[in-house]
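Numbers here are sequence positions counted from 1. These numbers come from the heavy atoms of this one structure, side chains and all, not from hydrogens, waters or symmetry mates.
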Amino acid sequence: SRAENLRPFSYPGASRSMDAFFEWFRWLYETTGVNLTIFYDAFDRRRFVAGFFTTIKLAASCILLSVLIGVVGAWLQGSKLRLTRHVVYWYIQFFRNTPPLVQLYFFYFGLGAYLKTATGEPFVSNVTWAILGLSMYAGAFNVEIFRSGIESVPRATVEAAESFGFSRLQAYWHVVLPLAFRVCLPALNNNLVNLVKTTTISYAIAVPEMLYVANQIWSDESNVPEMMNVLLIIYVSLVG
């Protein structure tokens, strides 16, 4: 029941100091009105922690997938096939020049409407669409970032690798990419930081990440200022 959830939450074998820590926030609310239920209310704490870890998993998945897209896309830009180069070019143009929220809606409501099981259930979950959509968005920028790094590698270096019998892929992976990575690291870092912040738009398709859960909490508890400040502090920490 809700009354039971308002009790100080204690893990099996938890120390008294931890219980006292949680109880202090209840005292803070009763004396000052600062209502941080995510500490003294077990129910709110559990769902906020779950939202935090969903944000971490979402950000980590998108970072890894977007970097992979950037590495592969930059290599395909140097393909001898015109069709391949054009596909990569238009992929970049589409995802760089449309809002990420619109892209997310396109994937979830547009493509998702055609991908359903025989019982009418979505074939792809909202979390998967969020990972795919945000990774494709950030990956388009990563392709250009890696391309700029690749162009900074002297042509003589590539020719030296080829003279040792390296294939184009081997030269790219063992010689060009490690050198280019150091050059494009500042721009890549900026893009990945922006990606972590952009994960909040997955709230729009009901992904239970931190902002979505925080909205549920402040709707129940009417503690909007407190939760806004908590979100700010956590996101600054994540970006840091």
Inset, instruction - Indicate the ring-plane relationship of Tyr40 and Tyr29, choosing parallel, tilted or perpendicular according to the 30° and 60° boundaries. - result: parallel

Inset, instruction - For residues Tyr235 and Lys197, determine if any side-chain heavy atom of one lies less than 4.5 Å from a side-chain heavy atom of the other. - result: no

Legend entry - Joint hydrophobic cluster, Leu232 plus Tyr203, side-chain heavy atoms closer than 4.5 Å: no

Legend entry - Heavy-atom pair of closest approach, residues Asp44 and Ile217: O-CD1, 3.8 Å

Legend entry - Ser66 side chain to Ile63 backbone, donor-acceptor under 3.5 Å: yes

Inset, instruction - State whether the side chain of Thr84 and the backbone N or O of Lys80 hold a donor-acceptor pair below 3.5 Å, judged by distance alone. - result: no

Inset, instruction - Could you walk me through whether Ser125 and Thr128 pass the side-chain hydrogen bond (donor to acceptor under 3.5 Å, both in side chains) test, one step at a time? - result: CA-CA 5 Å; Ser125 69; Thr128 303; 3.0 Å; yes

Inset, instruction - Please report the shortest heavy-atom distance between Ala180 and Ile150, naming the atom on each side. - result: CB-N, 3.5 Å

Legend entry - Inter-residue atom distance Leu101.CG - Leu134.CG, 0.5 Å rounding: 10.0 Å

Inset, instruction - With the side chain counted from C-beta on, respond yes when Met136 and Tyr91 share a heavy-atom pair under 4.5 Å apart, and no when they do not. - result: yes

Inset, instruction - Decide yes or no for Ile56 and Leu238: does some side-chain heavy atom of the first lie under 4.5 Å from some side-chain heavy atom of the second? - result: yes

Inset, instruction - Apply the test side chain to side chain contact (heavy atoms under 4.5 Å, CB included) to residues Val67 and Leu192: give CA-CA distance (whole Å), side-chain angles for both, the deciding distance (0.1 Å), then the verdict. - result: CA-CA 9 Å; Val67 170; Leu192 297 183; 4.1 Å; yes

Inset, instruction - Evaluate the ring planes of Trp27 and Trp24, with Trp represented by its six-membered ring, and classify them as parallel (under 30°), tilted (30 to 60°) or perpendicular (over 60°). - result: tilted

Legend entry - Interatomic distance, Trp129 atom CH2 to Phe107 atom CZ [nearest 0.5 angstrom]: 6.5 Å

Legend entry - For the student: nearest non-hydrogen atoms of Ala214 and Phe48, plus distance: CB-CE1, 4.4 Å

Legend entry - Leu65 reachable from Leu111 in the ILVMFWY side-chain graph, under 4.5 Å edges: yes

Legend entry - Heavy-atom side-chain proximity of Phe53 to Val49 below 4.5 angstrom: yes

Inset, instruction - Verify the cluster assignment for Val193 and Ile69: are they in a single hydrophobic cluster under the rule of side-chain heavy atoms below 4.5 Å apart? - result: no

Inset, instruction - To the nearest 0.5 Å, tell me how far Glu226 CD sits from Asn35 CG. - result: 6.0 Å

Legend entry - Close side-chain approach of Leu231 to Trp218, heavy-atom, < 4.5 Å: yes

Inset, instruction - Please answer: with hydrophobic residues joined when any side-chain heavy atoms are less than 4.5 Å apart, are Val124 and Leu132 in the same cluster? - result: yes

Legend entry - Heavy-atom check, side chain of Phe146 versus side chain of Gln77, under 4.5 Å: no

Legend entry - Sidechain-backbone polar pair: Asn229 side chain, Pro225 backbone, donor-acceptor under 3.5 Å: yes

Legend entry - Shortest non-hydrogen contact between Ala130 and Val207, atoms and distance: CB-CG2, 3.9 Å

Legend entry - Heavy-atom pair with the smallest gap, counting every atom of Gly73 and Val88: O-CG1, 3.9 Å

Inset, instruction - Flag the pair Tyr172 / Val71 as yes when at least one side-chain heavy-atom distance between them is below 4.5 Å, and no otherwise. - result: yes

Inset, instruction - Quick one: pull up CD1 in Ile145 and CG in Asn191 and give me the separation to the nearest 0.5 Å. - result: 4.5 Å

Inset, instruction - Report yes if the side chains of Met210 and Val213 come closer than 4.5 Å at any heavy-atom pair, otherwise no. - result: no

Legend entry - Approximate separation, where rounding is to 0.5 Å, of Asn142 CG and Leu68 CG: 10.5 Å

Inset, instruction - If the plane angle is over 60° it's perpendicular, under 30° parallel, otherwise tilted; pick one for Phe109 and Tyr105. - result: tilted

Inset, instruction - Verify, without hydrogens or angle tests, whether Glu162 (side chain) and Ala171 (backbone) share a donor-acceptor contact under 3.5 angstrom. - result: no

Legend entry - Hydrophobic cluster membership, Leu104 vs Leu115, 4.5 Å side-chain cutoff: yes

Inset, instruction - Taking all non-hydrogen atoms of both residues into account, name the closest pair between Tyr137 and Thr198 and its distance. - result: CE2-CG2, 4.5 Å

Inset, instruction - Could you walk me through whether Lys57 and Val127 pass the side chain to side chain contact (heavy atoms under 4.5 Å, CB included) test, one step at a time? - result: CA-CA 10 Å; Lys57 294 174 184 177; Val127 176; over 6 Å; no

Inset, instruction - May I ask you to decide if Arg147's main-chain N or O and Glu144's side chain share a donor-acceptor pair within less than 3.5 Å? - result: no

Inset, instruction - Calculate, to the nearest 0.5 Å, the distance between atoms OG and CE belonging to Ser222 and Met227 respectively. - result: 12.5 Å

